[in-house]
Amino acid sequence: MHDYDYVMLFLSYFSSSIAYMEPKNDTRISEFLLLGFSEEPELQPFFFGFFLCMYLVTILGNLLIILAVSSDSHLHTPMYFFLANLSFVEICFISTTVPKMLMNIHAKKKVITYKSCIMQMYFFLLFVGLDNFLLTVMAYDRFMAICNPLHYMVIMNPGLCGLLVLVSWVVSVLHSLLQTLMVLRLSFCTEVEIPHFFCELNQVIQLACSDTFLNNMVMYLATVLLAGGPLAGVLYSYSKIVSSIRKIQSAKGKYKAFSTCASHLSVVSLFYCTGLGVYLSSAATQSSHSSAEASVMYTVVTPMLNPFIYSLRNRDIKRVLNVFFRRKP
């Protein structure tokens, strides 16, 4: 038995605890159809090449960030520790959806098995949650560095940094497990077409032919708590940061303080703005492809741009990468 089968067995075991909520007339399907983007055959080679290039650039860029942080002792600080973790999550995040899409385009099919869909949904929720929490933790790190610089290294010690990352993992795992188990209790009839390029939670729930009220309630409540809470934390941190920067007398001091959090602020803005754009676009239109096209921004484009944002604005990262490629700094 492979690891994949063990995970499915684990999920099935826990789903039995809420089996009493399942309808008696249960119909299980074996596969879904991912409609993806345009169905025109002449555009498929373009989509394959386009997303393959973006995927490879994302993997390479984030790997370089991880190598740079791990290879230079000067970068063994809380900020770069969180950055390396974020880069690892970005690699996992994009690898959850894009490889399957590329396989389907290459094979000229749109099928994903029921088990693979459940697994994809689980890992997607896991890594998007981790992305969200790590950005919040990084905002707190910048808040402590700018608003409390004298005690920064004492407060942001390795133990606390590790604990913050561990808590982010635990909460994300529990949330994705809960959402996945809630989907396992649903029945699916004949409508198995998902108007997306991956198994997105809301799209899958809408295809169920059993009662989805509880699923929707859990999904919306989790969105408010696990997205709204971290966003509020980010906004609070940056309100304090802006207040502290305004108290600095010299323009040079203000620029130096702002430059330490400019990259993170850019990534946070990109992540939340694209996520909000996906939500608004899916709510404003019923087009089968509009939500998929909008989701490309935060599932593919954002993980690809993050290493560029951090490396292009960070002298330490650029210095280590220059040494890594044996070029003169």
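A quick note: this is a predicted structure, and the numbers were derived from the prediction, not measured.
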Going by chain and number, the hydrophobic cluster around Val224 (ILVMFWY, side chain to side chain under 4.5 Å) further includes none

Among Tyr238, Tyr310, Phe271, which one satisfies ring pair (Phe, Tyr, Trp, His ring centres under 6.0 Å) with His264?
Tyr238

Quick check on the hydrophobic clustering: are Leu125 and Leu225 connected, directly or via other members, by side-chain heavy-atom contacts under 4.5 Å?
no

When Ile, Leu, Val, Met, Phe, Trp and Tyr are grouped by side-chain heavy atoms lying under 4.5 Å apart, directly or through other members, which residues fall in the same group as Val170?
Leu166, Leu174

Reported OG-to-NE2 distance for the pair Ser172 and His175, which is rounded to 0.5 angstrom:
8.5 Å

Side-chain H-bond candidate by donor/acceptor type, Asp72 with Tyr80, under 3.5 Å
no

Which heavy atom in Pro149 sits nearest to a heavy atom in Ile146, and how many Å separate them?
CD-O, 3.6 Å

Side chain to side chain, Arg185 and Leu214, heavy atoms closer than 4.5 Å:
yes

Given the rule in the side-chain contact (heavy atoms from CB on, under 4.5 Å) test, do Ile194 and Leu33 qualify, once you have shown the distances and angles that lead to the verdict?
CA-CA 6 Å; Ile194 301 176; Leu33 294 179; over 6 Å; no

Drop me the distance from Leu126's CG to Gln179's CD, to the nearest 0.5 angstrom.
12.5 Å

To the nearest 0.5 Å, atom CG of Leu201 lies from atom CE of Met182 at 10.0 Å

Following the transitive rule for hydrophobic clusters with a side-chain heavy-atom cut-off under 4.5 Å over Ile, Leu, Val, Met, Phe, Trp and Tyr, establish whether Phe197 and Tyr114 coincide in one cluster.
yes

Ignoring hydrogens, what is the shortest heavy-atom contact between Ser210 and Ser187? Give both atom names and the distance.
OG-N, 3.0 Å

Plane angle bin for Tyr140 and Phe143 - parallel if under 30°, tilted between 30 and 60°, otherwise perpendicular:
tilted

Under 4.5 Å between side-chain heavy atoms, counting indirect links through other Ile/Leu/Val/Met/Phe/Trp/Tyr residues: same cluster for Met153 and Phe82 or not?
yes

A quick test of your reading: do over 12 heavy atoms of other residues, nucleotides or ligands sit less than 6.0 Å from NE2 of His106?
no

Do Tyr255 and Ser250 make a side-chain contact, defined as non-hydrogen atoms from C-beta onward lying under 4.5 Å apart?
no

Taking every non-hydrogen atom, the tightest pair across Ile112 and Gln120:
CD1-OE1, 3.9 Å

Quick one: pull up NZ in Lys115 and OG in Ser30 and give me the separation to the nearest 0.5 Å.
11.0 Å

Begin with the C-alpha distance, continue with both residues' side-chain angles, and end with the deciding distance and a verdict on side-chain contact (heavy atoms from CB on, under 4.5 Å) for Met156 and Leu164.
CA-CA 10 Å; Met156 298 301 295; Leu164 290 173; 4.3 Å; yes

Any link between Leu56 and Leu67 through a network of hydrophobic side chains (Ile, Leu, Val, Met, Phe, Trp, Tyr) touching at under 4.5 Å?
yes

Check: Ser116 main-chain N/O paired with Thr113 side-chain donor or acceptor under 3.5 Å:
yes

Quick check: closest heavy atoms across Leu135 and Val234, and the distance to 0.1 Å?
O-CG2, 4.3 Å

Please say yes or no: joined through hydrophobic side-chain contacts below 4.5 Å, possibly via intermediate residues, are Val111 and Phe188 part of one cluster?
no

Would you say Asn157's side chain and Ile155's backbone share a donor-acceptor pair under 3.5 angstrom?
yes

Side-chain heavy atoms of Val165 within contact of Val137, under 4.5 Å:
no

Apply side-chain contact (heavy atoms from CB on, under 4.5 Å) to Val69 and Phe81, showing your working.
CA-CA 7 Å; Val69 173; Phe81 170 73; 6.0 Å; no

Would you mind reporting whether Ile91 and Ile66 have side-chain heavy atoms less than 4.5 Å apart?
yes

Relative to the ring of Phe124, is the ring of Phe198 parallel (under 30°), tilted (30 to 60°) or perpendicular (over 60°)?
tilted

Minimal heavy-atom distance between Ile245 and Ala257, with the atoms involved, is CG1-CB, 4.0 Å

Where do Met304 and Thr58 come nearest, in terms of heavy atoms and distance?
CB-OG1, 3.1 Å

Validation row: Leu64, Ile317 side chains within 4.5 angstrom (heavy atoms)
no

Across all chains, not counting sequence neighbours, the disulfide (SG to SG under 2.5 Å) partners of Cys199 are Cys117

Flag side-chain contact, heavy atom, 4.5 Å: Tyr272 against Asn132
yes

Gap separating the CH2 atom of Trp169 from the CZ atom of Phe127, nearest 0.5 angstrom
5.0 Å

Side-chain heavy-atom pair Phe123, Ser95 within 4.5 angstrom cut-off
no

Below 4.5 Å, heavy atoms only, C-beta onward: do Leu265 and Ser269 meet side chain to side chain?
yes

Flag if over 12 foreign heavy atoms under 6.0 Å of NZ, Lys254:
yes

If you count every heavy atom of other residues, nucleotides or ligands that lies below 6.0 Å from Gln249 atom CD, does the total exceed 12?
no

Please report the interatomic distance CE(Met138) to CG(Leu83), rounded to the nearest 0.5 Å.
5.0 Å

Chi angles and distances behind the side-chain hydrogen bond (donor to acceptor under 3.5 Å, both in side chains) call for Asn306, Glu90
CA-CA 9 Å; Asn306 284 357; Glu90 298 289 25; 2.3 Å; yes

Check: Tyr236 main-chain N/O paired with Ser239 side-chain donor or acceptor under 3.5 Å:
yes

With no hydrogens and no angle check, is any side-chain donor or acceptor of Asn62 less than 3.5 Å from a backbone partner on Ile59?
no

Just do the side-chain contact (heavy atoms from CB on, under 4.5 Å) check on Ser295 and His196 with the steps written out, would you?
CA-CA 9 Å; Ser295 296; His196 225 302; 3.1 Å; yes

